[in-house]
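Reading through the structure tokens given below for one structure.
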Protein chains: 2
Amino acid sequence: MVRIAIDAMGGDFGPEPIVTGVIEALKERKFTALLVGDSNAIKPLIPENLLKNVEFIEAKEVVLMGDGATDALKRKESTIYKAVELVKEKNADAVVSAGHSGATMSLATLRLGRLKGIARPAIATLMPNSNGTSTLVLDVGANVDCKAEHLFQFAIMGEAYAKEILGRKAPKIGLLSNGEEKSKGNEVSKEAYELISKLKSFNGNAEGGQVFDGSVDVVICDGFIGNILLKTSEGVAEAITKIIKKEVKRSPVAIAGSVLMKKVFSTLKKQISYDEYGGAPLLGVNGCVIISHGKSNAKAIKNAIFQAINFADSKINSVIEQEILNFTK
Amino acid sequence: MVRIAIDAMGGDFGPEPIVTGVIEALKERKFTALLVGDSNAIKPLIPENLLKNVEFIEAKEVVLMGDGATDALKRKESTIYKAVELVKEKNADAVVSAGHSGATMSLATLRLGRLKGIARPAIATLMPNSNGTSTLVLDVGANVDCKAEHLFQFAIMGEAYAKEILGRKAPKIGLLSNGEEKSKGNEVSKEAYELISKLKSFNGNAEGGQVFDGSVDVVICDGFIGNILLKTSEGVAEAITKIIKKEVKRSPVAIAGSVLMKKVFSTLKKQISYDEYGGAPLLGVNGCVIISHGKSNAKAIKNAIFQAINFADSKINSVIEQEILNFTK
């Protein structure tokens with residue numbers, strides 16, 4: 001049975017939402033949960049009948065948001081260190097962490113190592129689109145300054161994820177740029193365009209809006225721009241919600257309308273919420289790592305665990321290594 | 001009376017929406033419109049009583065979207081060339097163009113020249129925020145690869161625009177980055193952080209979402225990222241609209257709700273539409289230039305003309321030159 005290590009203490013709200021997410025995941029799918037944390041605090045939260053599917057790994061230290069990511073390597077008693085170590089020792093097939101994402105990334109990269117031929121691991125995230133599916137965007141934070149070669153490797157990793165995990169047989173890869181034409185781009189993206197053109201799945205440059213219209217499956221960018229894209233899209237959605245709420249309050253007719261539209265808004269909320277995706281896979285490390293939002297609720301954790309199970313069940317890492325090899329021969 | 005040169009033929013939809021925009025502007029504010037184009041086609045569109053406020057400048061060639069921006073300099077009979085030339089010859093105080101924006105930018109930069117101390121002009125655009133005001137973002141397209149020094153100059157130009165045109169007495173300037181902390185950023189943005197710190201109005205790094213929450217007045221980035229930010233925000237708004245429309249259609253109750261909420265949606269649409277702003281000022285050139293969207297309707301053109309009048313009536317260009325001088329002494 002697949003074994004998922006979970007940092008049970010690292011999230012912003014302590015162990016409660018994380019453990020609840022684990023319980024909900026255990027009700028739906030078969031796996032062994034390795035909960036890393038203070039077992040005195042965690043164990044009482046687990047129903048008796050599920051205890052057979054749970055193992056407890058003692059760790060009392062938590063890497064906090066204010067801590068430096070580089071210190072994480074020295075914090076051998078921390079929940080995140082021990083959770084990653086379980087994967088390194090082949091005691092777990094994947095790890096899920098809602099803790100310090102920089103620390104998770106550093107530890108995963110340094111303790112698990114990188115896949116053969118990958119210079120830099122990347123954080124990939126699923127963004128909802130108006131097609132009702134999702135678009136994979138990478139990198140969204142791991143690497144702020146990238147060379148063309150790194151973007152090319154992200155494209156290979158994104159293509160593999162789209163095929164192996166998302167089940168898109170012929171995924172379309174777009175390179176984020178300031179226009180669709182080949183002539184558009186900055187120095188790095190123009191160089192990357194040439195490299196990524198080697199992939200059959202390359203669809204050319206993609207504009208910012210194409211992340212949300214379903215016209216491509218994967219969008220490639222550096223982590224600086226990826227973060228800005230992510231925060232921009234959240235900001236626009238929040239601003240629209242705020243404006244609607246403010247305007248609705250001004251008129252009893254509109255209030256009545258909004259009541260009748262309640263289901264529409266809840267579907268919209270669900271469709272654009274990251275809870276549905278659960279977490280962001282860290283691609284390019286020698287293992288399966290899912291990085292969850294610090295503010296994850298139980299549902300987000302449950303979905304992150306499902307992602308981890310799918311990741312561990314897939315051949316994505318060997319596909320990536322093979323593809324890199326094909327292009328460097 | 002202030003004299004505004006208008007490329008009457010450059011827009012995607014020909015002279016009709018542009019001339020209609022001019023007519024509407026003339027009804028609301030006093031200025032002289034210098035319409036550059038084929039007067040046989042334009043003149044019949046103007047009501048008799050407004051003809052005294054209009055001058056016609058003959059030009060029959062139009063620079064098309066597919067034409068190279070660099071060729072624009074040779075196209076001396078084109079509407080956009082002649083419109084810019086009117087400003088150069090001090091025959092007009094400002095120019096509005098919904099034509100080829102690359103050509104407008106090249107011509108404005110090369111024919112009018114740059115302001116003293118400005119290495120690169122930038123296109124600034126107003127983005128709506130949930131505060132009901134707007135945030136100025138620059139650059140949104142002119143310069144894809146920027147050095148820290150260019151971003152610093154954008155900050156000075158943005159500050160001047162916010163003060164002189166938007167009337168913000170103490171504008172807050174944010175540097176677009178992948179996190180608010182000073183430690184965040186890529187190589188160029190970290191260097192720019194140090195330079196922009198010289199400005200009292202500097203508010204530190206700004207995340208993508210801060211463009212839309214009103215927490216800063218001006219957001220600084222290079223043109224590659226600025227374009228991605230713009231297209232991303234349009235894409236998210238479109239995706240949300242599409243999802244709502246699709247979900248509403250599924251249920252008669254929701255349809256009834258949407259009818260009652262009609263006014264809310266039209267206010268929202270108005271609040272996030274670029275028609276309200278009209279155009280993007282090109283800052284840093286020795287003149288007043290407003291670049292409008294090729295798809296501008298009459299309202300967008302009217303508002304672009306108002307922006308041009310305000311720009312021409314302001315002292316912004318001398319303020320920018322003075323500020324640059326203050327920091328290079």
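Residue numbers begin at 1 in each chain, while the letters A, B, ... track the order of the sequences.
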- Query: Looking at B/S183, B/S251, B/G185, which has the largest count of heavy-atom pairs under 4.5 Å with chain A?
  - Reply: B/G185
- Query: Hey, which of B/P128, B/G214, B/G179, B/G208 has the most heavy atom pairs under 4.5 Å with chain A?
  - Reply: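 Counting heavy-atom pairs under 4.5 Å, the top option is B/G208.
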- Do other residues, nucleotides or ligands put more than 12 heavy atoms under 6.0 Å from B/E187 CD?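 No, CD of B/E187 has 12 or fewer neighbouring heavy atoms, counting only those of other groups under 6.0 Å.
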- Residues, nucleotides or ligands: over 12 heavy atoms within 6.0 Å of B/K190 NZ: yes
- Task: Grab the two heavy atoms, one from A/S233 and one from B/V236, that are nearest each other, plus how far apart they are.
- Result: CB-CG2, 3.5 Å
- Item | Least distance between heavy atoms, B/A254 atom then A/V264 atom | CB-CG2, 3.6 Å
Option that, when pairs with chain B are counted at under 4.5 Å, heavy atom only, ranks first among [options]:
options	answer
A/L229, A/L176, A/D213	A/L176
A/N129, A/N178, A/V144	A/N178
A/A237, A/G235, A/A256	A/G235

Name the region of [X], side chain, backbone, both or neither, that has any atom closer than 4.5 Å to a heavy atom of chain B.
X	value
A/E234	neither
A/I225	side chain
A/S177	both
A/V211	neither

- Proximal to chain A - members of residues 239-246 of chain B, heavy-atom separation under 4.5 Å: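 So far as heavy atoms go, B/A239, B/I240, B/K242, B/I243, B/I244, B/K246 are the residues that approach chain A to under 4.5 Å.
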- Would you mind reporting whether A/S130 and B/E238 have side-chain heavy atoms less than 4.5 Å apart?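 Sidechains of A/S130 and B/E238: no contact.
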- Message: Within the 4.5 Å heavy-atom criterion, are A/M261 and B/S258 side-chain neighbours or not?
- Response: yes
- Hey, what do you get for NZ (A/K231) to CD (B/Q210), rounding to the nearest 0.5 Å?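 Spacing of NZ (A/K231) from CD (B/Q210) equals 9.5 Å.
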- Query: Measuring from B/E207:CD to A/I228:CD1, what's the distance to the nearest 0.5 Å?
  - Reply: 9.5 Å
- Partner residues of B/S101 under the side-chain contact (heavy atoms from CB on, under 4.5 Å) criterion, sequence neighbours left out: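 Checked B/S101 against side-chain contact (heavy atoms from CB on, under 4.5 Å); matches are B/I291.
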- Do A/D145 side-chain atoms and B/N186 backbone N/O form a donor-acceptor pair below 3.5 Å?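 Not at all, since once roles are kept as given, no pair shorter than 3.5 Å links the two residues.
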